[in-house]
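Below, all heavy atoms of this structure are taken into account, side chains as well, without hydrogens, waters or symmetry copies. Below, chain A is the first sequence line, B the second, and so on; all start at residue 1. Values in this document were obtained by computation on a predicted structure and should not be read as measured data.
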Amino acid sequence: MSGAVSGGPLLSVRDARVGFGTVRGLLRAVDGVSFDLQAGRTLGVVGESGSGKSVLVRSLIGLVGGGSGAVVGGQVLLEGQDLRGLSAAGLREVLGRDIGIVFQDPMTSLNPVMKIGRQIGEGLQLNRGLDGAAAARRAVELLAEVGIPEPERRAVQYPHELSGGMRQRVAIAIAIACEPKLLIADEPTTALDVTVQRQILDLLQREQRQRGMAMILITHDLGVAAGRADDIMVMYAGRAVEMATTREIFRGPRMPYTEALLRSLPRLSDVAHTRLSAIPGRPPDLARRGMGCAFAPRCTYRSDRCETEEPALTRDGARGFACFNPLAAGSRVVA
Amino acid sequence: MHWLARQVLRLAVVLLCVTLLTYLIVNILPGDVAIVILGSLATPQDIAGLRADLGLDRPMLVRYFDWLGSALSGDLGRSYRNGEPVAQAIADRLPVSLQLMVMAQIIALGIAVPAALLSVRRPGGLFDRMSASAAFGFLATPNFMLGIVLIYLFSVTLDLLPATGFTPMSESLWGNFESMILPSLTLGLIEWTVLMRVLRSDLLTTLKEDFILLARAKGLPPWRVLLLHALRPSSFTLITVLGLNIGGLIGGAVIVEQIFALPGVGRLLLGGIFNRDLILVQGTVSFIAAGFVLINFLVDMLYAVLDPRVRYVRFRS
Ligand SMILES: Nc1ncnc2c1ncn2[C@@H]1O[C@H](COP(=O)(O)OP(=O)(O)OP(=O)(O)O)[C@@H](O)[C@H]1O
Ligand code: SF4
Ligand SMILES: [Mg+2]
């Protein structure tokens, strides 16, 4: 059934746009984002709260809109198939079979009144044609696979009987149940205890490698993306402002916002719990965007042009950045 | 203390208060059963004699505890008017009232749940707006008026259903059903409105939850998301209102039984009030109150069935 052009990207997003009609006018939550994701690779999407990361990935799979007054634009190709052109039923089929998603907060992303085993098995029955008993057996296997002890017992429990970390493991089991080609993890550890964050990230990475899935890993912490993403897309105010391999980003960011994100990372050499240098200022109001660069009010490299003109994402080989006064290539960030 | 034991204790206290209050109110009611029985030409001596025979000359609290003692053993006394045991009179009429209320509730839920589900498919859409208007229309209609309109429509104009009167089940199952349709509709058509609005609003809240998004991401079709994932977590307010509405339903049943001449507990009560048959009124009201409290107790238990989190808190802590 694969309509992929061999060698082509698994996922190709062109000029994705999402606007919400609000009382204060059109809020451009996602404003022309394009990227490609190859099969088996991980793309880290990094940006502050409100930069449009969640809206972007939800819009890709048709989970924004439908009554929320959202205007969605652009093209989304999965193995060459245009998801935006599919019927509702066609999209559901792709969603169930080829894409898995893990949300930020496992307290709210699992149905509180449905047993865990059923929540995992449900998709298997629908998308893989398993009968109830087979789906239940598979659910137990999946629970074991994501590292939940006593999976038979857990399968008949409800989400509130599990800890946050365990719940997120269940959410991962749900996401990978139907063997998707693409796994979307939307800040999968933000709501969790620091002690289990790493375990969950490791689990995601292990599953991704074993199954050869592509993954979009959303985080507001560049450090999380550091060892786990092949490529990084930095988002600011609904736009992609820098795109590069993870190595390149850490070698030297070109865009001042990326640099600022890097500076705010805690370092091993830091005394524990010293204050991070948070980025001063706040992101712009998306419903009231001015003409210039959205980062200008907070940017230390700002020039006159930045106030009146919006920089486009310029390509320099495989990497891209949106800035009039980019940092020199290879300029290491010293915090 | 165990949760259940605490509930039962509370139940007992509430029932004690309710019966005492009823006793006080019923005894404050103006009018004297002795006069009703003997007629307005009776001499004061006759009246005093009858009052003594009925035990009405003793202090009120003494009579209350007397009554309570027998009530606990199931004896609610005998009607002042015709000597019929009150418990028996209630038992005879209860099935009619219960049937009326159960059928009304089924009709109400049968309209409310599908209407709410259809409304939230497209909030603000045509169906949503139409059902909202219909709901407010019915809500604003007093049930005696709705009853009369229904009689006019289905009995007088269409000649489909009997206007009044009751056919016992033992006589004819279908006849019984026919005689109960209009009365139950009269109650149910008003009851569904609140249930629908409450369920609709809870559904809309639930539909914004992440777990609904996750259900959609699994590829489930919209109606399965609604029925399997959204409905149950959205039904708690509905259940609460269902319990609280029992009071209104009982009040409505009293009126509807009157309109349709159904031999239910409501008509028994009204007859008792007109005749100043205090012991009958006392028994009936206490019975109804006990029923109300008991049903709400059961509703409370229902939460635990519907919501595993409640079960967890109640039985494991
Ligand atoms: N349904 C909606 N209606 C209107 N505005 C919305 C809606 N959903 C999101 N937004 C707005 O879109 C912007 C982007 O939100 P989004 O949730 O994508 O940010 P995010 O990058 O995921 O942030 P976080 O790190 O907090 O998850 C925000 O300004 C948010 O207020
Ligand atoms: S375009 Fe100007 S304001 Fe924007 S990031 Fe570059 S230097 Fe800063
Ligand atoms: Mg988000």
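Both the backbone and the side chain of Ile101(A) have a heavy atom closer than 4.5 Å to some heavy atom of chain B. For Asn111(A), the parts lying near chain B are the backbone and the side chain together; criterion is any non-hydrogen pair under 4.5 Å. Of the atoms belonging to Ile174(A), it is side-chain heavy atoms, and not backbone ones, that fall under 4.5 Å from chain B.
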Donor-acceptor pairs are to be reported for all side-chain atoms of residues 120-127 of chain B against protein atoms at under 3.5 Å, with residues two or more places apart or in another chain.
none

Show the atom names and distances, to 0.1 Å, of all donor-acceptor pairs under 3.5 Å that link a side chain in residues 189-196 of chain B to residues at least two apart or in another chain.
unit_1, atom_1, unit_2, atom_2, d
Glu191(B), OE1, Asn245(B), ND2, 3.4
Trp192(B), NE1, Leu189(B), O, 2.8
Thr193(B), OG1, Ile190(B), O, 2.7

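Side-chain atoms of Gln119(A) and His229(B) form no donor-acceptor pair, as typed in the model, at a separation below 3.5 Å.
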List the steps and the verdict of side-chain contact (heavy atoms from CB on, under 4.5 Å) for Leu213(B) and Phe103(A).
CA-CA 9 Å; Leu213(B) 221 49; Phe103(A) 290 111; 3.9 Å; yes
Is there a side-chain contact (heavy atoms from CB on, under 4.5 Å) between Glu122(A) and Leu220(B) once you walk through the steps?
CA-CA 9 Å; Glu122(A) 181 174 53; Leu220(B) 297 181; 3.5 Å; yes
Test side-chain contact (heavy atoms from CB on, under 4.5 Å) on Leu228(B) and Arg118(A) and set out the steps.
CA-CA 11 Å; Leu228(B) 267 48; Arg118(A) 254 199 78 203; 4.0 Å; yes
Please evaluate residues Arg216(B) and Leu63(A) with respect to the criterion side-chain contact (heavy atoms from CB on, under 4.5 Å), reporting the C-alpha separation (whole Å), side-chain torsions for both, the decisive distance (0.1 Å), and the verdict.
CA-CA 8 Å; Arg216(B) 287 172 59 198; Leu63(A) 291 183; 3.8 Å; yes
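Nearest heavy-atom pair, Arg92(A) versus Pro222(B), reported as atom, atom and distance to 0.1 Å: NH1-CD, 3.3 Å. Here the shortest heavy-atom pairing between Leu126(A) and Lys218(B) reads CD2-O, 4.0 Å.
The 12-atom threshold is not exceeded at CZ of Phe287(B), counting heavy atoms of other residues, nucleotides or ligands nearer than 6.0 Å.
Contact annotation: the side chain of Met107(A) never approaches that of Asp210(B) to less than 4.5 Å [non-hydrogen atoms, C-beta and beyond].
The most heavy-atom pairs under 4.5 Å with chain B, out of Gly123(A), Ala89(A), Ala175(A), Pro112(A), come from Pro112(A).
Interatomic distance, OG1 of Thr108(A) versus NZ of Lys208(B), reported as 14.5 Å (0.5 Å rounding).
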